[in-house]
Amino acid sequence: MGVGYNPPPEKRPMGTPYDPAAIEPFWQEWWAAQGYARVDTAGPKDLYMLMMFPYPSGDLHVGHGRNYILGDCLFRSFLMQGRRVLNPMGWDAFGLPAENAAIKRGIHPREWTLANIARMKAQFRRWGILYDWDKEIASCEPVYYRWNQWLFLRMLREGLAYRGQAPVNWCSSCHTVLANEQVVGGSCERCGTPVVQRELEQWFFRITAYAERLLEGLDRLPHWPEKVKTMQRNWIGRSEGAEFTMQIAGRPNLPGLQVFTTRPDTAFGMTFAVVAPEHPLVAELTTPEQRSAVETFCERVRHSTEVERLSTEGSLEKRGVFTGSYAVNPFNGRNVPIFIADYVLMSYGTGAIMAVPGQDQRDWDFATAHGLPIIRTVQPPEGWEGEAYTGDGPAINSDWLDGLDVATAVQRATAWLEEKGIGRRAVHYRLRDWLISRQRYWGTPIPVVYCERDGIVPVPEGELPVLLPTDIQFAGLEGNPLAKSASFVAARCPSCGGAARRETDTMDTFVDSSWYYLRFVNPAVEDRMFDEERVRRWMPVDLYIGGIEHAILHLLYARFIYKVLSDFGLVPGDEPFPVLFNQGMIVARSATSGKLEKMSKSKGNVVAPDELIERYGADTERVYTLFMGPPEKECEWTEEGVAGAHRFLQRVWAMADAVQAASGRAGEAEATARLEVARHQTVKRVSEDLARYKPNTAIAALMELANSIAAAASTASGAALAEAYETLLRLLHPIAPHITEELWRARGHESSILTAGWPSYDAELLARQSVTLAVQVNGKLRATVSAPRGTSQEEAVNLARQAAARWLDGKVVVKVVHVPDRMVAFVVRG
RNA sequence: GCCGGAGUGGCGGAACGGUAGACGCACCGGACUUAAAAUCCGGUGGGCUCCAGCCCGUGCGGGUUCGAAUCCCGCCUCCGGCACCA
């Protein structure tokens, strides 16, 4: 026994009621004192499991519990199976809410964050969740964020971080720019404010350089949900095609217009070309007669929001204007008018397209709206009544491509462009570089200074970390408080020693979470980003559990940074999380809409764990959370369900007395044997169900065992009852840890049930049991017969013949199917 | 529009192509109780019949198979993601 061991009463008096409040805190303290979750990462690796580290918002509801309860259930079962498991927890501690709280209530973000961490830690403990707290990390600590800065500098050196001018997403409510991934439907992911485009100079990570590898890596992740992989594939958005340059008619001095298309086969059908309003050639292409129309149009586009620009009305109208210039289609030498239209985006491809209305609906719409000709270059199928035709078919109106199918024509056209030296095969991605600058205080300072003489100068590694200043006033402030801290902004140029201005932007907090899992193996390490030697042994994470909301954001960034670190030679392999499990949301009926929705205060459907634990205990919450449905599915929280879970635990509790009372009884042989079989079967089922992440069916099996024990309480032998009951307790422990510890102790065991080992089952005993065979006649179930497992076909068919005699008499049996130990099927005629 | 996922009793949900509805909730009946709650025991897909049985049932329509909730084709509905990406 460890230090501080404080034993519970040796034996509960008979009939003691189940009072979770009286037992749960004791065990929580005891587990912590015993350090069951502690693992020495200096030793060899066995298993590394991880739940996505949370943002310490402070408010936890039962919906949040799902992730952690599932993780703890698996963790405890691993421990009982004798595995050495690294199961750490930390805090994604930088972020906007802390700063907003500071502005609103005058508390420093750090204080607010640390208080929330303390609250959440206490909540985990009340849930009976075990972590190796020796490994705890918080991303807001200099010892952590210093390495964000180090990573940034290293990436800057390798050309993977850069400062660039680009139209970026600006949220006027959060007063900061956002990454593309943080804009949902044209609005800020966090606050819902419509995002506006601003042309700003910002810091980027060159994630696009890894687009192909991020895509390819997905194929090597068989244990990721298909859904997440699909979402990432769509987000990266690879498209293959060709790029080529068109001369501008009568303007030999101009560089030519470069376009990207996935359908070079349709080039003979080009009837116009389109450039984006932001295209650098716009001014050159615009003829004097068209100047005022073009300027008016571009001005209008500049002032429209993302939402307006992408609105459906726009897509019907196809807003655009003629430049006055013509491009020469290299395929047939014809001149086509060049338009400016807002349906072409500067940020994709070359910002210019060849328009083929016959094969592209957007071009069709534009052509129709502007009275431009339409030439089909792929023969649509007979009876085609649609507009643009995008399917396969023989090429027409295309000179030397005529008659070829699309794939072949694409090949041929691309080859032709390459031969002529006017174009080449090209791949473009939808993925944009990751904008990491944020104009906020509570994040990692970007470690550069701006010097009048030397320009952008990185802070030398030896001067890291660039610390967040603490003397900051938040109240009544708008914008980035760092920019208003004179002492922070004033810096010396590391290069020339002259006066310089410090960068005041901080990093997107997704930088923090893209590598935190590497730090857990040795969180104290100070002179390196992480302990490479241990990381080499403990990575990858064998099981990563978290919500689907991070399908793109966190999981894409983390994969990217891991590949970068892999290229730096710092981590093994190139995928950090080979196994991913996404738990579903817990929803509840909203008080305002009446619909099932995610729990939130504004919807009045939040169930607070504290009240629930007070009333029923943490074990009840755990049982219900794990029982309500398969963990990957969305499930509805209901009060009745909670009561049912509690009833089950109460039954298990009350059963202790009956089992005790039967001690020493010889019992009836048949009832005893039946109970034994039930016990072995349950061990098998629960072990298998937990292994495939199905605690819901594992609990169903445990309920059945409890029912079997209750049914045999006055008939089976005392020894068999005790064995069955203790097995029930051990199998139930990962699900309901407190009650099982208490009952285990009450049965006289001195050490924790966590150390009692995982029960095993006798496969041979189960194999000896008789099975029920279904008897079908012409596919309909007509009888069942009981037979020993492994009964021969001949014998099984004989038994089945007798049982189904009624349906076989006077008929001719044409065919007999026998599935061993399952069923016999007769096919009859007449 | 494109890409995923899902449609099973009154409800949450179980079912390697082989007894559909495990387990739980809710409901009904019974026991205990002066009574109620709690607890315990039993019942519970629909229909026809009745104590044996029969028919119909997994969103809809087809198909494969001795046999389909499960596999294939075509629809419908819901949920999620992406959406003028050339």
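Heavy-atom basis, side chains included; hydrogens, waters and symmetry copies ignored. Just so we're on the same page: letters track the sequence lines, and every chain starts at 1. Note that the coordinates shown come from a computational prediction; the quantities given were computed from them, not determined experimentally.
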**Asked** For A6(B), does OP1 or OP2 lie under 4.0 Å from any side-chain N or O of K633(A)?
**Response** no

**Item:** Identity of whatever pairs with G42(B) - Watson-Crick or G-U, under 3.5 angstrom
**Value:** C28(B)

**Prompt:** Which of parallel (below 30°), tilted (30 to 60°) and perpendicular (above 60°) describes H370(A) and F366(A)?
**Reply:** parallel

**Complete:** Result for ring-ring contact (aromatic ring centres under 6.0 Å, His included) between H646(A) and one of Y624(A), Y18(A), W653(A), F627(A) points to Y18(A)

**Request:** Verify the contact: side-chain N or O of W807(A) to OP1 or OP2 of C66(B), cut-off strictly under 4.0 Å; return yes or no.
**Result:** no

**Message:** Hydrogens and angles aside, do Y343(A) and D363(A) bring a side-chain donor and acceptor to less than 3.5 Å of each other?
**Reply:** yes

**Request:** Identify whether any heavy atom of E226(A) sits under 4.0 Å from a base atom; if not, whether one sits that close to sugar-phosphate; answer base, sugar-phosphate or nothing.
**Result:** nothing

**Request:** Name the nucleic acid region contacted by G237(A), choosing base, sugar-phosphate or nothing; use a 4.0 angstrom heavy-atom cut-off, strictly under.
**Result:** nothing

**Message:** With no hydrogens and no angle check, just 3.5 Å: does a side-chain donor-acceptor pair link H554(A) and E549(A)?
**Reply:** no

**Request:** Ignoring backbone atoms, test whether R647(A) places a side-chain nitrogen or oxygen under 4.0 Å from the OP1 or OP2 oxygen of C25(B).
**Result:** yes

**Asked** Considering only the P atoms, how many Å lie between G30(B) and G21(B), rounded to the nearest integer?
**Response** 28 Å

**Asked** Given atom CZ of R651(A) and atom P of A38(B), what is their separation to the nearest angstrom?
**Response** 15 Å

**Request:** Starting from P on G81(B), measure out to CD1 on I548(A) and report it in whole angstrom.
**Result:** 10 Å

**Prompt:** Expressed as a whole number of Å, how far does the C1' atom of U44(B) sit from that of C11(B)?
**Reply:** 14 Å

**Where the chi angle of G47(B) falls, syn if within 90° of 0 and anti if not** = anti

**Asked** Should the pair Y348(A) and F260(A) be assigned to parallel (<30°), tilted (30 to 60°) or perpendicular (>60°) ring geometry?
**Response** perpendicular

**Request:** Figure out the NZ/P separation between K227(A) and C3(B), and round it to whole Å.
**Result:** 16 Å

**Prompt:** Any chance the side chains of E632(A) and Q583(A) put a donor and an acceptor closer than 3.5 Å?
**Reply:** no

**Item:** Nearest-Å distance for atom pair CD/P, residues Q793(A) and G18(B)
**Value:** 18 Å

**Prompt:** Expressed as a whole number of Å, how far does the P atom of U58(B) sit from that of G7(B)?
**Reply:** 14 Å

**Prompt:** What interatomic distance, in whole Å, is found between C1' of A83(B) and the corresponding atom of G12(B)?
**Reply:** 35 Å

**Fill in**
Scanning all shown strands, the Watson-Crick or wobble mate of G80(B) with both distances under 3.5 Å is C3(B)

**Message:** Rounding to an integer number of angstrom, what distance separates U34(B) and C16(B) when you compare their P atoms?
**Reply:** 50 Å

**Item:** Protein-nucleotide distance (L705(A), atom CG; A22(B), atom C1'), rounded to Å
**Value:** 15 Å

**Asked** Using the P atom in both, what is the distance from A14(B) to U8(B), to the nearest Å?
**Response** 12 Å

**Message:** I need the CD1-C1' distance between I552(A) and G4(B), as an integer number of Å.
**Reply:** 12 Å

**Request:** Please state the C1' separation for the pair C82(B) and G9(B) - nearest whole angstrom.
**Result:** 37 Å

**Prompt:** Taking for each residue the nucleotide of RNA chain B bearing the nearest heavy atom, is the 5' side occupied by L781(A) or by N707(A)?
**Reply:** L781(A)

**Item:** Sugar-phosphate, base or nothing in reach of R685(A), heavy atoms under 4.0 Å
**Value:** nothing

**Asked** Base, sugar-phosphate, or nothing: which does T772(A) touch, judged by heavy atoms less than 4.0 Å apart?
**Response** base

**Message:** Please give the distance between the P atoms of U19(B) and C3(B) as a whole number of Å.
**Reply:** 35 Å

**Prompt:** Does the side chain of R430(A) get closer than 4.0 angstrom to OP1 or OP2 of A83(B) through an N or O atom?
**Reply:** yes

**Request:** To the nearest Å, give me how far apart CG (D689(A)) and P (G13(B)) are.
**Result:** 17 Å

**Separation of C23(B) P from M628(A) CE (nearest whole Å)** = 20 Å

**Prompt:** Can you find a donor-acceptor N/O pair under 3.5 angstrom joining the side chain of E640(A) to the base of G24(B)?
**Reply:** no

**Prompt:** RNA chain B: G641(A) or D360(A), which has the more 5' nearest nucleotide?
**Reply:** G641(A)

**Asked** Closer than 4.0 Å, any side-chain N/O of K694(A) to the OP1 or OP2 of A15(B)?
**Response** no

**Prompt:** Across the strands shown, which category fits M823(A) at heavy-atom distances under 4.0 angstrom: base, sugar-phosphate, nothing?
**Reply:** base

